[in-house]
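As the structure is a computational prediction, the values presented were derived from the model and not from experiment.
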Amino acid sequence: MTIRAYQPDDFPIVEQWAKARNMVLIPQLLSKNGFLVEDEHGPLAVAWCYLTFDCPLAYVDHLFTRPRTSLKKGLAAWRLIWRTIQAYLLNLRDCNGNALSYKIVRVFTCPELSRFLKSDGWKVSAKTVQQAIYAIP
């Protein structure tokens, strides 16, 4: 598996993955900090890292895998995405070259990945959430 930056040209395939899960992706709301994992069959998984600027919180969102990806392969892709995001966050600097200290990362995810995350030291909420989006006219 390899990882690279998400490119806008990747949107059609990623949008198909979202639709297969009855979800909607809005391209204008995708962070510039997207990461795409590929395997021998092409794109396998994607996620975006969003940064907040008023507190040291980053969050990972829109984590999708190619439909019918095995849990084992999906977890391997997540590990690669997570290592990349950690390195990315550790290397962020302000315009004076000072390290930005993002210390908290949040992710909304499916139960299968949340069980893995819990065993990997993440604090996992027992509640399920649903996404609601409102576009201001």
Atom of [X], atom of [Y] and distance for their closest heavy-atom approach:
X      : Y     : answer
Phe11  : Pro27 : CZ-CD, 3.7 Å
Ile3   : Phe35 : CD1-CB, 3.8 Å
Leu44  : Ala77 : CD2-CB, 4.0 Å
His41  : Asp39 : N-OD1, 2.8 Å
Ser101 : Pro56 : O-CB, 3.1 Å

**Asked** Under 4.5 Å between any side-chain heavy atoms of Pro67 and Arg21, yes or no?
**Response** yes
**Message:** Quick check: do Leu89 and Val105 have side-chain heavy atoms less than 4.5 Å from each other?
**Reply:** yes
Under 4.5 Å between side-chain heavy atoms, counting indirect links through other Ile/Leu/Val/Met/Phe/Trp/Tyr residues: same cluster for [X] and [Y] or not?
X      : Y     : result
Leu57  : Phe53 : no
Leu71  : Trp78 : yes
Trp82  : Leu92 : yes
Leu100 : Ile85 : yes
Leu25  : Ile13 : yes

So, taking the atom named [atom1] in [X] and the one named [atom2] in [Y], what distance separates them when rounded to the nearest 0.5 Å?
X     : Y     : atom1 : atom2 : answer
Asp10 : Leu30 : CG    : CG    : 11.0 Å
Leu75 : Thr65 : CG    : OG1   : 10.0 Å
Trp48 : Asn33 : CH2   : CG    : 11.5 Å
Met23 : Trp17 : CE    : CH2   : 14.0 Å
Cys49 : Leu63 : SG    : CG    : 12.0 Å
Ile81 : Met1  : CD1   : CE    : 9.5 Å

**Message:** One pair to check against salt bridge (Lys or Arg N to Asp or Glu O under 4.0 Å): Lys73 and Glu40. What are the steps and the verdict?
**Reply:** CA-CA 12 Å; Lys73 207 165 200 178; Glu40 64 276 5; 3.3 Å; yes
Backbone of [Y] reached by a side-chain donor or acceptor of [X] within 3.5 Å:
X     : Y     : answer
Tyr50 : Asp61 : no
Arg66 : Pro43 : yes
Asn98 : Asp94 : no

**Request:** Using the side-chain contact (heavy atoms from CB on, under 4.5 Å) rule, take Leu51 and Tyr88 through it: C-alpha gap first, then chi angles, then the decisive distance, then the call.
**Result:** CA-CA 11 Å; Leu51 307 174; Tyr88 171 73; 3.9 Å; yes
**Message:** Is a donor from one side chain sitting under 3.5 angstrom from an acceptor on the other, for Arg106 and Thr52?
**Reply:**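 Result is no, nothing qualifies.
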**Request:** Please step through side-chain contact (heavy atoms from CB on, under 4.5 Å) for the pair Val14 and Leu36, ending with a clear verdict.
**Result:** CA-CA 10 Å; Val14 173; Leu36 188 112; 4.2 Å; yes
